[in-house]
Amino acid sequence: MNILIAYASKSGTTKEAAEMLAKLLTNHTVTLADLEKTTPVPGDFDYIVLGGPIRMGKAHKALRSYLVGFDEALCKIPHTLFLCCSIPHQFEHYLECTFSDELRESAEDALYFGGELNPSKQRGFDKLIVRMIRNSIEQSAEEDEDAVIPGLLPEHIRMLADRLRLK
Ligand SMILES: Cc1cc2nc3c(=O)[nH]c(=O)nc-3n(C[C@H](O)[C@H](O)[C@H](O)COP(=O)(O)O)c2cc1C
């Protein structure tokens with residue numbers, strides 16, 4: 001199968017997730033597309049995995065632009081959606097804000113790939129925001145044992161790879 005993995009990434013986490021998935025799909029022909037650099041045509045592929053990171057409650061600009069141009073075409077190709085973000089309980093909300101009803105409803109799955117909060121990967125104002133989010137998680141961890149500093153979730157990526165390898 002000819003699979004497109006299309007992603008946008010600002011500080012590299014989503015890129016790492018997309019590359020991890022690509023490496024696992026050894027029995028398919030995989031095209032890895034950074035949406036900041038290229039605009040793949042959905043109709044050229046048999047299957048599409050599409051996603052990006054959330055910042056300040058919004059998806060990466062390159063992903064949003066791609067969706068404006070190709071939403072209808074994407075709905076026609078079998079696909080899985082994913083997001084990288086650091087507030088897991090907002091995942092469903094971010095999905096709704098990012099992808100159209102049609103695209104979500106026609107998706108085989110929509111997955112949370114985790115997200116990193118590493119200040120050393122950020123610059124300027126972004127570094128400050130990451131420190132603030134980390135601090136607020138650390139504070140809530142005192143009362144809520146489910147509050148943990150997030151990371152990338154390779155097991156979620158492997159789960160998708162296992163499913164796609166069977167196609
Ligand atoms: C400036 C900034 C704002 C962020 N805002 C949010 C947010 O609103 N919600 C959330 O869940 N995660 C937020 N995050 C966490 C990112 O989604 C996470 O760092 C992700 O791994 C970034 O992916 P990337 O490295 O591919 O850009 C933010 C991160 C940064 C640096």
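Because only heavy atoms are used, hydrogens play no part in the values below, and waters and symmetry mates are left out as well, while side chains stay in. Start at 1 and go down the list; that is how both ligands and their atoms are numbered.
Counted within 6.0 Å of CD on E155, heavy atoms from surrounding residues, nucleotides or ligands total more than 12; the atom is thus considered enclosed. By the 6.0 Å contact criterion, CE on M1 is enclosed, its count of non-hydrogen atoms from other residues, nucleotides or ligands being greater than 12. Dense packing is recorded around NZ of K167, with more than 12 heavy atoms of other residues, nucleotides or ligands lying under 6.0 Å away. By the 6.0 Å contact criterion, NZ on K121 is enclosed, its count of non-hydrogen atoms from other residues, nucleotides or ligands being greater than 12.
Nearest-residue assignment for atom 30 (C) of ligand 1 (options R131, R55, E16; heavy-atom criterion): R55. With E116, H93, Q122 as candidates, the residue nearest to atom 21 (O) of ligand 1 on a non-hydrogen basis is E116. Closest heavy-atom approach to atom 5 (N) of ligand 1 among the candidates R123, K15, K127, M56: M56.
In terms of N/O distances under 3.5 Å, ligand 1 is approached by I87. In terms of N/O distances under 3.5 Å, ligand 1 is not approached by A8. Polar contact with ligand 1: present for G12 (N/O pair, distance under 3.5 Å). Any N or O atom pair closer than 3.5 Å counts here, and T14 shares at least one such pair with ligand 1.
Considering all non-hydrogen atoms of both residues, L111 and D109 come closest at CD2-OD2, 3.5 Å.
Looking at R163 and T80, their side chains do bring a donor and an acceptor atom within 3.5 Å of each other. Looking only at atom types and distance, the side chain of S100 has a donor-acceptor partner in the side chain of D71 under 3.5 Å away. A donor and an acceptor atom, one from each side chain of S86 and R55, are nowhere located under 3.5 Å apart.
Nearest protein heavy-atom contact of atom 12 (N) of ligand 1 is S86 OG, 2.9 Å. Nearest non-hydrogen protein atom to atom 25 (O) of ligand 1 is S11 OG, 2.7 Å. Remark: minimum distance from atom 14 (N) of ligand 1 to any protein heavy atom is reached at I54 O, 3.4 Å.
The K10 neighbourhood of ligand 1 comprises atoms 24 (P), 26 (O), 27 (O), with distances under 4.0 Å to a heavy atom of that residue. Each of the atoms 1 (C), 2 (C), 3 (C) of ligand 1 lies under 4.0 Å from some heavy atom of I129. Close contacts of ligand 1 with G115, meaning ligand atoms under 4.0 Å from a residue heavy atom, involve 21 (O). Ligand 1 places these atoms under 4.0 Å from at least one heavy atom of G57: 7 (C), 8 (O). Numbered from 1 in the order shown, with element, the atoms of ligand 1 that lie under 4.0 Å from a heavy atom of C84 read 17 (O).
Under 4.0 angstrom from ligand 1, there are no non-hydrogen atoms of F125. Of all the heavy atoms of T13, the ones lying under 4.0 Å from any atom of ligand 1 are found in both the backbone and the side chain. Here V130 has side-chain heavy atoms under 4.0 Å from ligand 1, and that is the only part of it that gets that close.
Within the structure, ligand 1 has Y94 among the residues with a heavy atom less than 4.0 angstrom away.
How far OH of Y112 is from NE2 of H89: 10.5 Å, rounded to the nearest 0.5 Å.
With hydrogens and angles ignored, the 3.5 Å screen pairs no side-chain donor or acceptor of H93 with any backbone N or O of F91.
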What verdict does the side chain to side chain contact (heavy atoms under 4.5 Å, CB included) test give for L83 and F99, after you've listed the backbone C-alpha separation in whole Å, the side-chain angles of each residue and the deciding distance to 0.1 Å? CA-CA 10 Å; L83 289 175; F99 303 107; 4.0 Å; yes

